[in-house]
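These notes are about the structure you will find just below.
Heavy atoms only: backbone and side chains are in, while hydrogens, waters and symmetry mates are out.
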Amino acid sequence: MTVDLRADKPGSRALRGPAGLSLRLEPRALTVGLLLVAGALLMAVVLIGTGDFEIAPWDVVQTLLGNGTPANDFIVNDLRLPRVVVALLVGAALGMAGAVFQSVSRNPLGSPDLLGFSYGSAVGALVVIVLLKGGATEVAAGALLGGLVTGVLVYLLSYRRGIHGYRLVLVGIGVSAMLVAVINYLLTKAKLVEATRAMVWLTGSLAGRDWSQVWPLLVTCAVLFPLVLGQGRALRMMEMGDDAAYALGVRVERTRMLLMLAAVLLTTAAAAAAGPISFVALAAPQLARRLTRSPGSNLLTGALMGAVLLLVSDWASQRAFGADQLPVGVVTGLVGGVYLLWLLVTERKAGRI
């Protein structure tokens, strides 16, 4: 691996390896990434210690290292650690998926929330809950299938000699409206117990998560994160336009389809684990881009920002409202709604919408 001092941005470095592999390092982006990693680890420790039985951060660290008391070991490793790991993975998956969709659509509104994939997962889950009376595993499978079917539908409806960003967003918004109608219909057909269960799932929650939710999500992220990151250079070229990307040797439609499939799988896997957590995929990539001041998709920093946002939101859902603990989806929805309004005003002033 060699270091190429020529770079597109002052201060950046390009690491070039065999078989044409390369990695561009920018000092500011690297610093932001390290700070986000530190912030995520700090919030994870704080969150593990949060609850009816408070545990000091140092005791949490000691317990994670295997030096805790039996009571702390049970609370930390069996009860709270799975919830925090799910929050980390769900936030990272949504952050990376949002970065992919915003880059592919070249639109800051191009997120899984607005393109309909989260609603597709919700429809799949509700079909299992209301019509099939399935358990937790079947609900997760229904969410995965619903999200994938919605992704294929949006892609096919958006395709016309390629995928255009605004067409993708408009089709996604239309599909979302239809899926919301289906969700409302299913809720009217549900009995009281089923409707209550469905509403809890639709809100998005990390409560009661255990290792059975961790392992499938961990495997999904372990497979798809390297795949998406490996396409980062092609994704940056595609942001310059399809013609320019073709001229630089990128197989545009194949790459776009692969990235969208990976992003849909990340979104649906996150929904299967924790329900449709809203607005993290919309906000995380843009906050990461503003912090790094780096052009391009900011895939890795977007994933790290998503993890931090969801951990902070989960802490707020447990501590900011007194004794009334809220599902984390309520907190992200409240904050995300304000962020979306600010984004729309900003984009309008800039003349982009």
For this session: Decide side-chain contact (heavy atoms from CB on, under 4.5 Å) for M260 and L168; before the verdict, give the C-alpha distance in whole Å, the side-chain angles of both, and the deciding distance to 0.1 Å.
Result: CA-CA 11 Å; M260 288 185 64; L168 179 66; 4.1 Å; yes

Of all residues at least two apart in sequence or in a different chain, which pass the side-chain contact (heavy atoms from CB on, under 4.5 Å) check with [X]?
X    : result
L218 : L89, W215
A140 : A272
L341 : none
L157 : L153, V171, V175

For [X], all residues meeting side chain to side chain donor-acceptor pair (under 3.5 Å), sequence neighbours excluded:
X    : answer
N77  : D73
T332 : none
S212 : D210

For this session: Apply the test side-chain contact (heavy atoms from CB on, under 4.5 Å) to residues Q318 and L47: give CA-CA distance (whole Å), side-chain angles for both, the deciding distance (0.1 Å), then the verdict.
Result: CA-CA 9 Å; Q318 297 184 55; L47 194 54; 3.4 Å; yes

Which heavy atom of [X] sits nearest a heavy atom of [Y], and at what distance?
X    : Y    : answer
S205 : I277 : N-CD1, 4.1 Å
G39  : V308 : C-CG2, 4.4 Å
N298 : A288 : OD1-O, 4.3 Å
G204 : P327 : O-CB, 3.5 Å
W201 : P276 : O-CD, 3.2 Å
L311 : A40  : CD1-O, 3.4 Å

Does the side chain of [Y] come within less than 4.5 Å of [X]'s, by heavy atoms?
X    : Y    : result
R289 : Q102 : yes
V45  : L41  : no
L186 : L131 : yes
T255 : L258 : no
F53  : N72  : yes
D113 : V280 : no
L94  : L309 : no
R83  : D314 : yes

Between [atom1] on residue [X] and [atom2] on residue [Y], distance to nearest 0.5 Å:
X    : Y    : atom1 : atom2 : value
I183 : L179 : CD1   : CG    : 6.5 Å
L170 : S158 : CG    : OG    : 9.0 Å
M199 : L187 : CE    : CG    : 6.0 Å
L202 : R197 : CG    : CZ    : 11.5 Å
L144 : L265 : CG    : CG    : 8.0 Å
T267 : M96  : OG1   : CE    : 11.5 Å

For this session: Spell out, as yes or no, whether a donor-acceptor pair under 3.5 Å connects the side chain of Q286 to the backbone of L282.
Result: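 Side chain of Q286 to backbone of L282: a pair is present.
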
Exercise. Do side-chain atoms of R293 reach the backbone of L291 as a donor and acceptor pair under 3.5 angstrom?
Worked result: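 Checking the backbone N and O of L291 against the side chain of R293, no donor-acceptor pair under 3.5 Å is found.
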
For this session: Test side-chain contact (heavy atoms from CB on, under 4.5 Å) on L261 and L148 and set out the steps.
Result: CA-CA 8 Å; L261 176 61; L148 286 174; 4.3 Å; yes

For this session: I would like to know whether N67 and V61 meet side-chain contact (heavy atoms from CB on, under 4.5 Å); could you show each step before the answer?
Result: CA-CA 9 Å; N67 300 319; V61 174; over 6 Å; no

Side chain to side chain donor-acceptor pair (under 3.5 Å): which pairs involve [range], sequence neighbours left out?
range            : result
residues 56-66   : none
residues 181-191 : none
residues 119-140 : K133-E194

Exercise. Can you pull the ring-ring contact (aromatic ring centres under 6.0 Å, His included) pairs that have at least one residue in residues 76-99, sequence neighbours excluded?
Worked result: none

Exercise. If you look only at pairs with a residue in residues 68-106, which of them pass as a ring-ring contact (aromatic ring centres under 6.0 Å, His included), with sequence neighbours excluded?
Worked result: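 Only F101-F117 qualify under ring-ring contact (aromatic ring centres under 6.0 Å, His included).
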
Hydrophobic cluster membership, [X] vs [Y], 4.5 Å side-chain cutoff:
X    : Y    : answer
L145 : V264 : no
L192 : L132 : no
I129 : V180 : yes
L304 : L35  : no

Exercise. Salt bridge or not for E54 and R319, using N-O below 4.0 Å?
Worked result: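 Salt bridge between E54 and R319, a charged N being under 4.0 Å from a carboxylate O: yes.
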
Exercise. Of V90, L266, L88, V85, which is the lone residue that meets side chain to side chain contact (heavy atoms under 4.5 Å, CB included) with L217?
Worked result: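 With L217 as partner, side chain to side chain contact (heavy atoms under 4.5 Å, CB included) holds for just one option, V90.
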
